[in-house]
Every structure is written in structure tokens, then in C-alpha cells.
Amino acid sequence: MSVSPSPFTVSIDAETGAGSAFAEHYVKHFREVADIFVDTAAAAVVDGDSVAYEVYSNERTKHPGDLVFGTSIVMPGLIGDEFMMTRGHVHEIVDRAEVYYCLAGQGVMLMEDEAGRTIAEPLAPGNAVYVPGLWIHRSVNTGDQPLVTLFCFASDAGQDYSVIDRSKGMARQVVTDGAGGWQLRENEMYLPREQGDESS
């Protein structure tokens with residue numbers, strides 16, 4: 001059995017998302033997520049070595065009752081008319097919830113249930129979004145600065161990214177409205193999920 005960690009404190013820079021004592025850090029370059037954007041021609045001209053997003057977190061354990069917390073930093077930009085976003089996931093233990101608290105930037109938490117029902121909650125400094133279990137979710141940066149959020153979820157939850165891939169994305173996309181804001185649009189590539197697909 002794994003051992004639960006000792007208490008600790010992390011000092012977080014709200015503008016960059018970096019922390020003084022995070023144990024884990026990974027970077028997703030654009031070439032690793034280019035396939036999530038519908039406009040393949042627009043994605044093809046983006047520098048593949050550019051940073052799409054990065055994540056800091058404490059050490060992940062499988063110890064019951066432990067929490068994973070950290071920061072997600074999504075870079076700004078448009079790929080065609082879609083905003084930069086994370087790949088998105090549902091939890092492997094599908095009833096596990098997650099909380100996101102916006103530290104800096106502007107964005108949207110795009111959420112979808114197994115029937116394709118979509119809820120898009122704005123992210124702005126001071127906003128906290130609760131993502132219930134069973135809901136697929138991804139962070140979308142609709143601003144011109146990095147979108148920095150603090151997240152927290154059960155350490156045994158795991159993350160399943162393949163559920164979005166199998167459906168060719170989420171049912172709706174977050175796109176520019178042409179006037180400095182955002183709107184939702186139907187994803188024409190979307191393949192409806194079968195009931196219970198999140199747990200497959």
C-alpha cells in the first residue's frame with residue numbers, strides 16, 4: 001500500500017502557474033495536440049514546438065483519500081476560429097469530480113455528459129467551476145493571455161483522454177464570435193457516444 005504524503009505548502013505564482021514545491025511538471029507542445037483542432041489546414045502551419053499548455057502538480061499517489069492539486073496553464077491563440085485548449089478528459093473512475101479555480105486569464109470550462117449535453121462555464125479570476133463525475137471536460141483559453149487555473153481531484157481518479165478521440169472531439173466547439181468574444185458551435189465531425197462510453 002502506498003503511503004500518504006506529509007503535509008506541505010506550495011507558493012503559487014498566479015500569473016505563471018509555477019509553484020515553489022510542485023513535484024511534477026509536464027509540457028504539451030502543439031504537435032502533440034494538433035489533432036484536436038477541426039481546421040487541419042490552420043493547425044498545419046502552427047509551430048509544432050510551441051507550447052500549447054503545461055501542468056504542475058503534487059506527486060500523484062493511489063492512496064485512498066489523497067488529493068491531486070496543481071495548476072494548468074493554457075496558452076492563448078486561435079487555430080482557425082477555435083481557441084487554444086487542452087485535450088480534455090473524463091476520469092477513469094468516472095464518478096470522481098474535479099474543481100477548477102481561475103487564477104489568471106479568461107476562458108471557458110467546456111463540459112459534456114454521456115448524451116452529448118454541453119455546459120460551458122466562463123473562467124475568469126476568482127471563478128471556481130465544479131465538474132461533477134461522469135462529465136468530460138476541457139479548458140479553453142478565450143483571452144489573449146495565458147489561462148491559469150488551480151485544479152483539485154481525487155488521486156485515484158485517473159484520466160481517460162481516449163473518450164474524446166473516439167468521438168472526433170466534443171459535441172460543441174468554442175469558437176470566436178468575430179467581435180472579441182466566444183460562442184459555441186456544433187462540431188460537424190462529432191460521433192455521438194453510446195450510453196456508458198465514459199466507463200469503457
Pairs meeting criterion salt bridge (charged side-chain N to carboxylate O under 4.0 Å, His left out) with involvement of residues 172-192, two or more places apart
Asp81-Arg185, Arg172-Glu186
Side-chain heavy atoms of Thr118 within contact of Leu184, under 4.5 Å
yes
Looking only at heavy atoms, which two atoms of Pro125 and Gly105 are closest? And how far apart?
CD-O, 3.2 Å
How about Phe30 and Phe37: are their ring centres within less than 6.0 Å of each other?
yes
With rounding to the nearest 0.5 angstrom, report the CD to CD distance, Gln173 to Glu82.
4.0 Å
Value for CD (Glu15) from CD (Gln145), rounded to nearest 0.5 Å, stands at 8.5 Å
Might you point out which heavy atoms bring Ser57 and Phe151 nearest each other, and give the distance in Å?
CB-CZ, 4.2 Å
May I ask whether Leu110 and Val90 are part of the same hydrophobic cluster, defined by side-chain heavy atoms of I, L, V, M, F, W, Y residues being less than 4.5 angstrom apart, directly or through others?
yes
For residues Ile93 and Asp156, report the shortest heavy-atom separation together with the two atoms involved.
CD1-O, 3.1 Å
Could you list the residues that satisfy salt bridge (charged side-chain N to carboxylate O under 4.0 Å, His left out) with Asp47, not counting sequence neighbours?
none
Which of these, Leu147, Asn141, Val74, sits in a side-chain contact (heavy atoms from CB on, under 4.5 Å) with Tyr53?
Val74
Nearest heavy-atom contact between Ala97 and Tyr130 is CB-OH, 3.4 Å
Please assess Phe153 against His91 for the test side-chain contact (heavy atoms from CB on, under 4.5 Å), listing each intermediate value before the final yes or no.
CA-CA 10 Å; Phe153 60 92; His91 292 152; 4.1 Å; yes
When the ring planes of His25 and Tyr56 are compared, do they come out parallel, tilted or perpendicular, using 30° and 60° as the limits?
parallel
Would you give the length of the straight line joining atom CZ of Arg166 to atom OH of Tyr161, rounded to the nearest 0.5 angstrom?
14.5 Å
Test side-chain contact (heavy atoms from CB on, under 4.5 Å) on Met85 and Ser139 and set out the steps.
CA-CA 6 Å; Met85 58 188 168; Ser139 301; over 6 Å; no
Going by salt bridge (charged side-chain N to carboxylate O under 4.0 Å, His left out), name the residues that satisfy it together with Arg87, two or more places apart in sequence or in a different chain.
Asp35, Asp165
Can Ile36 be reached from Leu78 by stepping across I, L, V, M, F, W or Y side chains whose heavy atoms are under 4.5 Å apart?
yes
Ala124 to Cys102 - nearest heavy-atom pair and separation:
O-CB, 3.1 Å
Is it the case that the side chain of Thr71 and the backbone of Gly17 share a donor-acceptor pair, with hydrogens and angles ignored and the cut-off at 3.5 Å?
yes
Taking a hydrophobic cluster as the set of Ile, Leu, Val, Met, Phe, Trp and Tyr residues connected by side-chain heavy atoms closer than 4.5 Å, whether directly or through intermediates, do Met111 and Ile136 fall within one such cluster?
yes
Does Val131 belong to the same Ile/Leu/Val/Met/Phe/Trp/Tyr cluster as Met170, with side-chain heavy atoms less than 4.5 Å apart forming each link?
yes
Stepwise, does the side-chain contact (heavy atoms from CB on, under 4.5 Å) test hold for Ile119 with Trp135?
CA-CA 10 Å; Ile119 294 178; Trp135 284 76; 3.8 Å; yes
Please work out whether the ring planes of Phe8 and Phe69 are parallel, tilted or perpendicular, with thresholds of 30° and 60°.
parallel
Please enumerate all residues that pass salt bridge (charged side-chain N to carboxylate O under 4.0 Å, His left out) together with Asp13, with sequence neighbours excluded.
none
Gap between atom CD1 of Ile73 and atom OG1 of Thr86 - 0.5 Å precision:
12.0 Å
Taking salt bridge (charged side-chain N to carboxylate O under 4.0 Å, His left out) as the test, write out the residues that go with Glu24, two or more places apart.
Arg60
Can you list the steps and then say if Val108 with Leu123 is a side-chain contact (heavy atoms from CB on, under 4.5 Å)?
CA-CA 5 Å; Val108 173; Leu123 288 167; 5.9 Å; no
Report the distance from atom NZ of Lys28 to atom OG of Ser72, rounding to the nearest 0.5 Å.
12.0 Å
State, to 0.1 Å, how close Arg117 and Asp113 come at their nearest heavy-atom pair, and which atoms those are.
N-OD1, 2.8 Å
Quick one, Asn127 and Tyr101 - any side-chain contact, counting heavy atoms below 4.5 Å?
no
Would you say the side-chain atoms of Ser167 pair up with the backbone N or O of Gly169, donor to acceptor, closer than 3.5 Å?
no
Side-chain donor or acceptor of Ser20 paired with backbone N/O of Ser11 under 3.5 Å
yes
Backbone N/O of Asp160 and side chain of His89: donor-acceptor pair under 3.5 Å:
no
Report yes or no: do Val46 and Val33 belong to one cluster of Ile/Leu/Val/Met/Phe/Trp/Tyr joined by side chain heavy-atom distances under 4.5 Å?
yes
Please tell me if the side chains of Val10 and Phe22 come closer than 4.5 Å, counting only heavy atoms from C-beta onward.
yes
Hey, could you give me the CG/CG distance between Leu150 and Leu103, rounded to the nearest 0.5 Å?
5.5 Å
Sequence neighbours excluded, the answer for ring-ring contact (aromatic ring centres under 6.0 Å, His included) partners of His29 is none
